[in-house]
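To start, the structure itself, in structure tokens.
Note on naming: letters A, B, ... go to the chains in the order of the sequence lines (proteins, then strands), and numbering restarts at 1 for each one.
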2 protein chains.
Amino acid sequence: MGSENRCENCIVRQFNSLRAMSKDELKQVSDSKISKSVRKGEAIFEEGEKLNGVFCVRDGVSKLSKLSSNGKDQIVKLATKGEVMGQRSVIAEETSNLSAVAVNDMELCFIPKEVIVNTLHKNPGFTFEVLRLMSHDLREADDVIVNISQKTVKQRIAEAFLYLKSNYGEDADGYLVLTLSREDIANVVGTATESCIRIISEFKKKGLLKSSGKKLGILDEKKLSELAEGF
Amino acid sequence: MGSENRCENCIVRQFNSLRAMSKDELKQVSDSKISKSVRKGEAIFEEGEKLNGVFCVRDGVSKLSKLSSNGKDQIVKLATKGEVMGQRSVIAEETSNLSAVAVNDMELCFIPKEVIVNTLHKNPGFTFEVLRLMSHDLREADDVIVNISQKTVKQRIAEAFLYLKSNYGEDADGYLVLTLSREDIANVVGTATESCIRIISEFKKKGLLKSSGKKLGILDEKKLSELAEGF
DNA sequence: TCGAAAAGGTGACAAATATCATATATATTT
DNA sequence: AAATATATATGATATTTGTCACCTTTTCGA
């Protein structure tokens with residue numbers, strides 16, 4: 001096994017709570033972790049499932065969502081390289097409240113919960129780091145609640161594109177690196193797919209967005225953010 | 001000072017993270033805390049304010065909300081006896097993302113952040129307990145997001161009444177102990193005050209709710225929960 | 001590479017919800 | 001108790017958004 005497969009050397013660790021682990025703890029994690037490849041569209045875990053560990057995202061993006069009885073799927077969060085999924089369930093010792101599905105091909109490490117829980121009880125630095133990251137997630141969740149209830153669908157879609165640009169960037173030609181289907185965008189902002197398509201078409205007609213194949217790009221960021229703010 | 005004013009003897013501590021503190025740590029908290037009485041409608045802290053500590057709710061209820069530019073106020077959470085407010089901001093070292101306003105007369109203890117932060121770095125049990133409670137808050141926030149985007153206003157209002165009953169109970173005559181104004185209920189479910197009033201009137205006409213003065217009571221819990229589920 | 005399936009797109013219409021106006025009841029102040 | 005402010009209530013209407021139907025384009029597997 002090459003040394004790049006050791007958590008000690010894994011670069012994504014710099015972005016998550018694992019960076020607060022001691023060398024020994026990290027060694028334990030590395031020895032017990034299981035690497036997984038997940039293809040686009042595949043499920044990583046399902047709502048209601050009991051998680052026996054957490055998933056550290058090495059590459060790719062996963063959508064964390066909740067399905068309702070009427071068949072709608074609300075995406076609550078997108079998890080990217082460096083993020084750890086399933087922490088909440090492991091900490092609260094509850095089944096997962098969300099499903100995780102790969103948005104594109106992914107590389108993951110599964111870390112058994114025992115190692116995590118042990119470290120949580122022994123290493124306050126690690127616990128604090130997890131707490132800090134979760135408090136960030138909580139703030140973002142609060143913001144989502146306020147956005148959904150106070151902004152129009154058009155504002156939320158405009159905001160979603162700004163979010164995609166600032167979080168995942170754009171390529172040399174100005175297209176967003178992370179390509180989401182219209183349905184996924186609709187599920188992020190909490191609207192019907194048709195409404196989402198309609199508004200994206202409108203944005204394209206107005207010269208705010210451009211498209212090439214499946215890719216979408218932002219043409220007029222200023223107007224898009226004015227729109228998001230409600231002007 | 002009577003012994004009931006010591007955190008060591010405070011009963012609300014049983015419901016929050018302070019129960020994981022050592023005797024010494026608790027003594028420190030008690031020696032540095034400041035008791036406050038807040039009248040109904042008064043602000044405890046404002047969105048954007050830098051918090052120098054947390055607020056432990058001894059009695060009463062506070063609404064945690066965020067104001068938008070269009071004047072609407074989304075209530076993200078209600079904090080009750082035993083809950084600690086402002087933790088997120090103190091932990092993340094950010095200004096508060098929410099405002100806290102008293103829904104009824106309240107008794108609070110202000111605990112300077114130094115004591116909290118010190119304990120977070122020294123006592124993993126305490127940190128873990130804070131983490132556990134925050135992971136619960138995060139789950140609830142996820143649920144709110146899904147509810148707001150997938151359920152109708154009518155469903156969410158039905159749900160709000162069930163929530164008020166199960167969390168705050170009802171008096172001998174079957175009226176909800178926690179009385180919220182129609183505006184507050186509207187701000188909890190994320191709708192216009194008029195829409196909220198209209199639906200409550202409808203519920204009363206249909207025999208699902210009863211009212212007496214400002215008080216509201218649940219008459220038909222079964223139908224109300226069926227309604228909340230979408231039947 | 002052909003053909004099915006999925007994704008993207010658009011119109012017409014229905015339903016849900018917000019907004020505005022105005023009235024009445026209730027609480028609060030003086 | 002009168003005066004004022006605030007909360008509740010309801011109708012009329014506008015706006016937003018969802019739903020259904022149908023079509024075109026793209027993707028992907030056999």
Side-chain angles (χ1 to χ4, degrees), chain A residues 39-42 63 68-74 101 103-105 147-158 160 176 179-206 209-217 227 230, chain B residues 39-42 63 68-74 101 103-105 147-158 160-161 176 179-206 209-217 227-228 230:
Chain A
R39 304 285 300 278
K40 174 178 178 177
E42 280 179 15
K63 53 182 176 182
S68 78
S69 47
N70 61 41
K72 275 193 199 165
D73 199 39
Q74 174 66 36
V101 173
V103 169
N104 42 34
D105 291 351
N147 268 340
I148 289 194
S149 79
Q150 296 186 339
K151 295 194 169 180
T152 64
V153 171
K154 201 177 286 186
Q155 287 179 297
R156 273 139 55 202
I157 291 180
L176 293 168
T179 299
L180 292 179
S181 69
R182 310 297 148 106
E183 190 181 3
D184 279 344
I185 298 173
N187 291 343
V188 166
V189 306
T191 189
T193 307
E194 296 95 322
S195 302
C196 181
I197 288 174
R198 235 181 279 276
I199 288 169
I200 290 176
S201 299
E202 186 192 324
F203 284 177
K204 284 199 285 187
K205 272 180 205 135
K206 285 186 178 165
L209 297 177
K210 63 180 174 180
S211 67
S212 163
K214 300 219 71 165
K215 290 207 155 294
L216 283 166
L227 224 157
Chain B
R39 304 285 299 279
K40 176 179 175 173
E42 279 179 16
K63 52 182 177 184
S68 79
S69 46
N70 62 40
K72 275 193 198 167
D73 199 39
Q74 175 66 34
V101 172
V103 169
N104 41 36
D105 292 353
N147 268 341
I148 289 194
S149 79
Q150 296 187 339
K151 294 194 169 181
T152 65
V153 171
K154 201 177 286 185
Q155 287 179 295
R156 272 138 57 201
I157 291 179
F161 281 106
L176 293 167
T179 300
L180 293 179
S181 70
R182 310 298 150 107
E183 190 181 1
D184 279 344
I185 297 172
N187 291 343
V188 166
V189 304
T191 190
T193 306
E194 295 95 323
S195 302
C196 180
I197 288 173
R198 234 181 279 276
I199 288 169
I200 290 176
S201 299
E202 187 191 324
F203 284 177
K204 285 200 284 187
K205 271 179 205 137
K206 286 187 178 163
L209 297 177
K210 61 180 176 180
S211 66
S212 163
K214 301 218 72 167
K215 289 204 157 297
L216 283 166
L227 223 156

* To do: Mark yes or no for a side-chain to base donor-acceptor pair under 3.5 Å between A:Arg198 and D:dT19, with no hydrogen or angle criteria applied.
  =>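 Check passes, donor-acceptor contact within cut-off.
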
Tell me: [atom1] of [X] to [atom2] of [N], nearest whole Å?
X        : N      : atom1 : atom2 : value
B:Lys215 : C:dA25 : NZ    : P     : 22 Å
B:Ile148 : C:dA16 : CD1   : C1'   : 16 Å
A:Ile185 : D:dT17 : CD1   : P     : 17 Å
A:Lys205 : C:dT10 : NZ    : C1'   : 8 Å
B:Glu202 : C:dT17 : CD    : C1'   : 13 Å
A:Arg39  : D:dG29 : CZ    : C1'   : 12 Å
B:Ile157 : C:dA16 : CD1   : C1'   : 12 Å
B:Arg182 : C:dA25 : CZ    : P     : 15 Å

* Structure fact -> side chain to side chain donor-acceptor pair (under 3.5 Å) test vs A:Lys63 passes for just one of A:Asp184, A:Asp73, A:Asn187, namely A:Asp184

* Side chain of B:Ser201 only, please: which of C:dC20, D:dT19, D:dA9 is the nearest? =>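 Comparing C:dC20, D:dT19, D:dA9 against the side chain of B:Ser201, the answer is D:dA9.
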
* Could you please spell out the steps behind the side chain to side chain contact (heavy atoms under 4.5 Å, CB included) verdict for B:Glu202 and B:Ile157? => CA-CA 11 Å; B:Glu202 187 191 324; B:Ile157 291 179; over 6 Å; no

* To do: Kindly compute the distance separating NZ (B:Lys40) from CG (B:Asn104), expressed to the nearest 0.5 Å.
  => 7.5 Å

* Measuring from A:Ile185:CD1 to A:Arg156:CZ, what's the distance to the nearest 0.5 Å? ->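 Between A:Ile185 CD1 and A:Arg156 CZ, I get 13.5 Å after rounding to 0.5 Å.
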
Check whether any side-chain N or O of [X] sits under 4.0 Å from OP1 or OP2 of [N], and answer yes or no.
X        : N      : value
A:Ser195 : D:dG18 : yes
B:Lys214 : C:dA25 : no
B:Lys154 : C:dT17 : no

* To do: Please check if atom NZ in B:Lys154 has more than 12 non-hydrogen atoms from other residues, nucleotides or ligands closer than 6.0 Å.
  =>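 Counting neighbours around NZ of B:Lys154, 12 or fewer heavy atoms of other residues, nucleotides or ligands fall under 6.0 Å, so no.
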
Checking all strands, does [X] fall into the base, sugar-phosphate, or nothing category for heavy-atom contacts under 4.0 angstrom?
X        : answer
B:Lys151 : nothing
A:Thr152 : sugar-phosphate
B:Thr191 : sugar-phosphate

* Asked: Mapping A:Ile197 and B:Lys40 to their closest nucleotides on DNA chain C, which lands nearer the 5' end?
  -> A:Ile197

* To do: Please tell me which of A:Val153 and A:Glu194 maps to the more 5' nucleotide of DNA chain D, matching each residue to the nucleotide holding its nearest heavy atom.
  => A:Val153

